[in-house]
Amino acid sequence: MFPYPSGDLHMGHAEAYALGDVIARYWVQRGFNVLHPIGWDAFGLPAENAAIKRNSDPREWTYENIATQRASMRRYACSFDWERILNTCDPEYYRWNQWIFLKFYERGLAYRKDSPVNWCPDCQTVLANEQVVAGLCERCDTQVTKKKLTQWYFKITDYADRLLDDMEQLEGKWPEKVLTMQRNWIGKSTGAKVDFAVEGRSKPITIFTTRPDTLFGATFMVVAVDSELARELANGSGVEADFEKYLESVRSASEIDRLSTDRKKSGIFLNRYAINPVNGERIPIWASDYVLADYGTGAIMAVPAHDQRDLDFARAMGLTVRVVVDTEEEDPAATGIATDGNGLLINSDGYDGLDVKAGGEQIVADLAKKSLASATENYRLRDWLISRQRFWGTPIPIIHCQKCGEVPVPEDQLPVRLPTAKDLDLKPKGVSPLATADEWVNVDCPKCGARAKRDTDTMDTFVDSSWYFLRFTSVNVNDKPFDLQQVKTWLPVDQYVGGVTHAILHLLYSRFFTKALFDMGYLDFTEPFTRLLNQGMVLMDGSAMSKSRGNLVRLSDELAHHGVDAIRLSMVFAGPPEDDIDWKDVSPSGSVKFLSRAWRIAKDVTSPVGIDPSQGSIDLRKVTHKALADISFAVESFRFNVAVARVMELVNATRKAIDTGVGGGDAAVREAAEAVAIALSLVAPYTAEEMWEILGHSPSIARAGWPAIDPDLVSAEKVIAILQINGKIKDRIEVAPDISDQELEKLALQNPQIAAELNGADIKKIISRAPKLVNIVI
RNA sequence: GCCCCUGUAGCCCAAUGGCAGAGGCAGACGACUUAAAAUCGUCCAAGUGUGGGUUCGACCCCCACCGGGGGCACCA
């Protein structure tokens, strides 16, 4: 994942990019054509806030930081393709955001609607549902409020099912955790919509339920207190004042309180009645905050016997509880515990005796005949709100004309460039700063030529990152966002690396974009990232590093103290990549020591370049080739820490061979030293390059190629077999690796140690697992 | 409350169901040195969170519990 340019690189970047770089360098060594790109996710609020503080243009701050980060990355030896850089804030990039927006617009995937939206009073802008975490703004932790506004949306809900179903392709290749989070976020649930007639109202109220089988147990109805529907029902029913009072109390309650599940239920009777379609029963309608306005239809049928929330409410308000599924448990009305298990229907007229599943299906089918119900799916996923009332983002390429309405900016007029920020007041005030850029805003309508106004909102920056991987294939293409041939060559991304913080937002949006662009014929694949690796975080003393906490470790300091290679090595060696690294447990000086140790190996090689390794020590050669095999396997399975450990072993073995074995002139020592250098070139490129030179090679080791592994040297001639009696080890013998179970068993029985132990005992069973062990059970 | 991950030497971490230790950090001792650093070498330590189960055999598989981390959370 590409970075946001907020100041210099930090320890987190150092880990992520070290891991990505090892993978890239490995496959280059293996002879593959690797595209390892970098760019900057350069639009966004921090630049704008910095500009406000400094009274300057966000461009300055942004490009300064990009230059800083870029220099640090080069120093950090990231093997990026520096010819393919992109900045999302460049017009050459964001014009294609606008182009995609227009394509979406043409297909009805981009639309504007008026509805209550999440509003961050601090950022003074709207937020997507995904950017609200536990009721707080994900960026600044301010409590998010609701505001009714006309905003632009992307119709991601059209893709809910495919986003869900296609996860099958990702199974085993993406962390299970991420897939689970996406599934939860999409939140598909299967059930039915059922119409309840309302006394004194021409239109029925539609509810969504996952338990149509319990319809006969619906003893009241609840509507979300903050919904339009609730107010409408309250009007004219004589409870207006109480309703407003209750609504007000709910609104003023803190989000924390609202979210606590064990809180006492509250609500108000609306003095209205609905008719249960299955039995014609008249049931009271209540308004409460435990029903959510923006999920389902904002209204539910309450079945207190079989839903805990409804039961809590019924008990608080003294409402009827009727059991309609016999689960052979105690009466919920008495225990206060709703029974939601399987069972047979009771108190349900002609449906009695059916089980939950069949009963539900039958009830829905019968109601459907009367057009009162339909089986349906419901999703938690909402459409993606993409407009933002801020300056530093992609202008939405729409012109509003009094006569023609929304008019797309013609493609040949793209990009709609951001005006200079110099004369604008960027301070957040609820309306986009672009609204005050008179010259920019006022344009002629492309359709009728009348005076019209540009849309003044900018796009959510997640739009930028939803397709940047496509642009990397075609950074120099100017007549389209990306070239299909290039895309076919390079994509989908074989290996994506990034933090789990983007599990939902970025990864879901990118998947959506990929599918939408596929449907339009611009792509030939439907999932953008084949494999995903989530690196852990870099912590200090168990918590995130931050200046305010005073536990900040500065990457530039670490690099200055220990050197780039040692820091990269420390990051990779600290543990499995997906685990968090606590910097207090890491020893960069240990890494320095190891690297010097490896480096000295190269110095101690005295044989000439190109000497035939088969002349050298067979024992050391075996160690070398086994190590290379293990290192390859470990790298390919992301166990970089293990790969490093294997290199350390090889270094130790080589050291021993030089000092107390065959000596530095042996051909196998050179082979080992070169293997060490190449293996280290993934992690510690500077050290490896120097070793390579000391070993008499010319630059560059980065493309030296991965050494060929001789399978004969990897498979041992002799292995140690374990001889057990009743699972306890009695002896070890050397055997050929291809020995048969029978032969091994025979050897075991002939073994003097075993014979003595057996002492003629009755053998019950012999387990022979050639060539590793024999277990004799007596 | 529900779901997922995790628990191995003082610490970070390895071990296709088959000898619990590969590697590192820290520590101890020795060699080299006038001394120190660096280097080299030797050593040190856990029986795998707890209790059951499956198996000839369990760090590994199953169940329960405990500790740590994470996700979701009035989603009808």
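Worth knowing before you read on, the calculation uses all heavy atoms, side chains too, and leaves out hydrogens, waters and symmetry mates. Naming convention: chains lettered A, B, ... in sequence-line order (proteins, then strands); numbering from 1 in each chain.
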Would you please confirm or rule out a distance under 4.0 Å between OP1 or OP2 of B:rA76 and any side-chain N or O of A:Ser189?
-> yes
Atom-to-atom span, CG of A:Asn775 to P of B:rA58 - whole angstrom | 10 Å
Send over the distance from A:Asp312 CG to B:rC74 P, rounded to a whole Å.
-> 14 Å
Could you measure between the two C1' atoms, the one in B:rA20 and the one in B:rG7, and give it in whole Å?
-> 16 Å
Looking at the side chain of A:Tyr295, which of B:rA76, B:rC74, B:rG18 is the nearest nucleotide?
-> B:rA76
Testing B:rC74, B:rG70, B:rC56 for proximity to the side chain of A:Arg769, the answer is B:rC56
May I ask you to decide whether A:Asp312 forms a salt bridge with A:Lys264, counting only side-chain N to carboxylate O separations under 4.0 Å?
-> no
Do A:Glu281 and A:Arg322 meet the salt-bridge criterion of a basic N to acidic O distance under 4.0 Å?
-> yes
Just call it for A:Gln724: base, sugar-phosphate, or nothing, with non-hydrogen atoms closer than 4.0 Å on any strand.
-> base
Taking the same atom, P, in B:rG24 and in B:rU33, what whole-Å distance lies between them?
-> 27 Å
Please measure how far the P atom in B:rU55 lies from the corresponding atom in B:rC12, and state the result in whole Å.
-> 36 Å
NA contact type, A:Asn652, heavy-atom cut-off 4.0 Å: base, sugar-phosphate, or nothing?
-> sugar-phosphate
On a whole-Å scale, what distance lies between the C1' atoms belonging to B:rA26 and B:rC19?
-> 28 Å
Considering only atom C1', compute the distance from B:rG67 to B:rG51 and round it to an integer number of Å.
-> 15 Å
Under a 3.5 Å limit on both distances, the Watson-Crick or wobble mate of B:rC60 is none
Integer angstrom distance from the C1' of B:rC32 to that of B:rC13 | 33 Å
Length of the NE2-P vector between A:His562 and B:rC25, whole Å = 14 Å
Phosphate contact (B:rA15 OP1 or OP2) by A:Arg639 side-chain N/O below 4.0 Å | yes
Taking CH2 from A:Trp286 and C1' from B:rA76, how many angstroms apart are they, rounded to a whole number?
-> 18 Å
Check residues 571-578 of chain A and write down every donor-acceptor pair under 3.5 Å in which the side-chain atom is one partner and the other belongs to a residue at least two apart or another chain.
none

For residues A:Thr214 and A:His306, is any side-chain donor paired with an opposing acceptor at under 3.5 Å?
-> no
Mind checking A:Lys764 for me? I need base, sugar-phosphate or nothing, with any heavy atom below 4.0 Å counting as a touch.
-> nothing
Distance between P atoms of B:rC25 and B:rU42 (Å, rounded) = 14 Å
Please tabulate, for the side chains in residues 172-179 of chain A, all donor-acceptor contacts under 3.5 angstrom to protein atoms that are two or more places apart in sequence or on a different chain.
| residue | atom | partner | partner atom | Å |
| --- | --- | --- | --- | --- |
| A:Trp174 | NE1 | A:Phe529 | O | 2.8 |

Nearest-nucleotide comparison on RNA chain B, the residue closer to the 5′ end among A:Lys656 and A:Val777 = A:Lys656
Heavy atoms under 4.0 Å, any strand shown: does A:Thr209 hit a base, just sugar-phosphate, or nothing?
-> sugar-phosphate
Could you tell me which nucleotide pairs with B:rU48 by Watson-Crick or G-U wobble geometry, both distances under 3.5 Å, or answer none if nothing does?
-> none
Find the distance A:Asp630:CG to B:rA15:C1' and express it as a whole number of Å.
-> 12 Å
Atom CD of A:Gln182 to atom P of B:rC72: distance rounded to whole Å?
-> 12 Å
Within the structure, does a side-chain N or O atom of A:Lys593 lie under 4.0 Å from either OP1 or OP2 of B:rC25?
-> yes
Nearest-Å distance for atom pair CG/P, residues A:Asp289 and B:rC74 = 11 Å
Contacts of A:Glu649 meeting salt bridge (Lys or Arg N to Asp or Glu O under 4.0 Å) (sequence neighbours excluded), chain-then-number -> A:Arg646
If you measure only the distance, is there a donor-acceptor pair under 3.5 Å linking the side chains of A:Glu743 and A:Ser740?
-> yes
Give the nucleotide from the list B:rG41, B:rG18, B:rA73 with an atom nearest to the side chain of A:Arg655.
-> B:rG41
RNA chain B nearest-nucleotide lookup for A:Ile300 and A:Ile767: closer to the 5′ end is A:Ile767
For the pair made of CD in A:Glu176 and C1' in B:rC3, what is the distance, rounded to whole Å?
-> 12 Å
Sequence neighbours excluded, the answer for salt bridge (Lys or Arg N to Asp or Glu O under 4.0 Å) partners of A:Asp307 is A:Arg309
Any idea if B:rG67 is syn or anti, going by the 90°-from-0 cut?
-> anti
Among B:rC25, B:rG71, B:rC40, find the nucleotide with the atom closest to the side chain of A:Ser587.
-> B:rC25
Base versus backbone protein contacts along nucleotides 5-13 of chain B [heavy-atom cut-off under 4.0 Å; B, S, -] | ------SSS
Please check the phosphate of B:rC3 (OP1 and OP2 only) for any side-chain N or O of A:Arg183 closer than 4.0 Å.
-> no
What is the base-pairing partner of B:rG67, counting Watson-Crick and G-U wobble geometry with both distances under 3.5 Å?
-> B:rU6
Looking at A:Lys188 and A:Asp161, does any basic side-chain N land under 4.0 Å from a carboxylate oxygen?
-> yes
With both distances under 3.5 Å as the test, what is the Watson-Crick or G-U wobble partner of B:rG27?
-> B:rC43
Considering only heavy side-chain atoms of A:Arg597, the closest of B:rG18, B:rG24, B:rG41 is B:rG41
For A:Asp383, check salt bridge (Lys or Arg N to Asp or Glu O under 4.0 Å) against everything at least two apart and list the hits.
-> none
Name the pairing partner of B:rU33, where a pair is Watson-Crick or G-U wobble with both distances under 3.5 Å, or state none.
-> none
May I ask you to say what A:Arg600 touches in the nucleic acid, namely base, sugar-phosphate or nothing, with a heavy-atom cut-off under 4.0 Å?
-> sugar-phosphate
When rounded to the nearest Å, what value does the distance between C1' atoms of B:rA14 and B:rA9 take?
-> 13 Å
